Amino acid sequence: MQQMLDTIASWMPEGPLTELLGRLNATGTNRLPQMWELAWLYALGSVVRVEHERPLPNGKPDLWFTISDGNKLTPVVGDITCLSDISLHAANPFEKLSNAVHEQARKAGMQGGGFHVSASHLEPGPG
């Protein structure tokens with residue numbers, strides 16, 4: 001991410017860059033949308049002139065640039081959106097199960113180990 005920030009710093013105005021950096025460094029927040037914003041700014045900025053959060057009548061989109069279609073310039077406006085699975089994580093009972101298993105083990109006199117509770121992903125095989 002630092003390399004991407006260093007690269008976009010050559011063309012992004014200081015104010016928006018500082019604001020993006022602040023959102024990336026904020027603790028206790030979901031920074032994934034800002035990481036994607038940085039990735040798109042970096043990628044597109046390497047091939048076209050990108051404006052970040054250009055003021056428009058209906059807001060300030062994350063990206064604004066133009067592309068040439070023959071003799072015509074076409075503006076492209078985009079906002080970076082990132083879906084989160086926070087609500088799914090909150091609804092997942094695995095942590096409650098894990099805590100209950102460890103509590104029962106503690107009550108049974110098992111301290112500091114002896115078993116491990118985990119969940120993982122398994123792709124079904126052809127058999």
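Owing to the predicted nature of the structure, the values given are computational and were not obtained by experimental measurement.
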By side-chain hydrogen bond (donor to acceptor under 3.5 Å, both in side chains), Q3 pairs with (sequence neighbours left out) none
In sequence, state the C-alpha distance, the side-chain angles, and the governing distance for L63 and D79, and then conclude on side chain to side chain contact (heavy atoms under 4.5 Å, CB included). CA-CA 6 Å; L63 307 167; D79 244 347; over 6 Å; no
Taking every heavy atom of G78 against every heavy atom of P61, the minimum-distance pair comes out as O-CB, 3.6 Å
ask   = If you group Ile, Leu, Val, Met, Phe, Trp and Tyr by side-chain heavy-atom gaps below 4.5 Å, do V47 and W36 land in one group?
value = yes
| request: Would you indicate whether the side-chain heavy atoms of T66 and T74 approach each other to under 4.5 Å? | output: no
Do the side chain of D62 and the main chain of I80 share a donor and acceptor less than 3.5 angstrom apart? yes
CG of L38 to CD1 of I8, rounded to nearest 0.5 Å, is 5.0 Å
Between the CZ atom in R54 and the NZ atom in K60, the distance rounded to the nearest 0.5 Å is 13.5 Å
Closest non-hydrogen contact found for G70 with S68 is O-OG, 3.3 Å
Only residue of V50, L56, V76 satisfying side chain to side chain contact (heavy atoms under 4.5 Å, CB included) with W64 is L56
*asked:* Hydrophobic clustering (ILVMFWY, side-chain heavy atoms < 4.5 Å, transitive) - are L41 and L32 grouped together?
replied: yes
Derivation and outcome, side chain to side chain contact (heavy atoms under 4.5 Å, CB included), residues I67 and L73 | CA-CA 6 Å; I67 56 173; L73 289 177; over 6 Å; no
Discussion item. Is it true that, when you exclude N58 itself, more than 12 heavy atoms of the residues, nucleotides or ligands shown sit nearer than 6.0 Å to its CG?
Written reply: yes
Would you say E103 has more than 12 foreign heavy atoms packed within less than 6.0 Å of its CD?
-> yes
Practice item. Spell out, yes or no, whether V77 and L20 are grouped together once hydrophobic residues are joined by side-chain heavy atoms under 4.5 Å, including indirect joins. Key: no
* Going by heavy atoms in the side chains, are E51 and M12 under 4.5 Å from each other? -> no
Sequence neighbours excluded, the answer for salt bridge (charged side-chain N to carboxylate O under 4.0 Å, His left out) partners of E37 is R23
Distance col, row N25:CG vs Q34:CD, nearest 0.5 angstrom, shows 10.5 Å
_Is any side-chain heavy atom of Y42 closer than 4.5 Å to one of D6?_
no
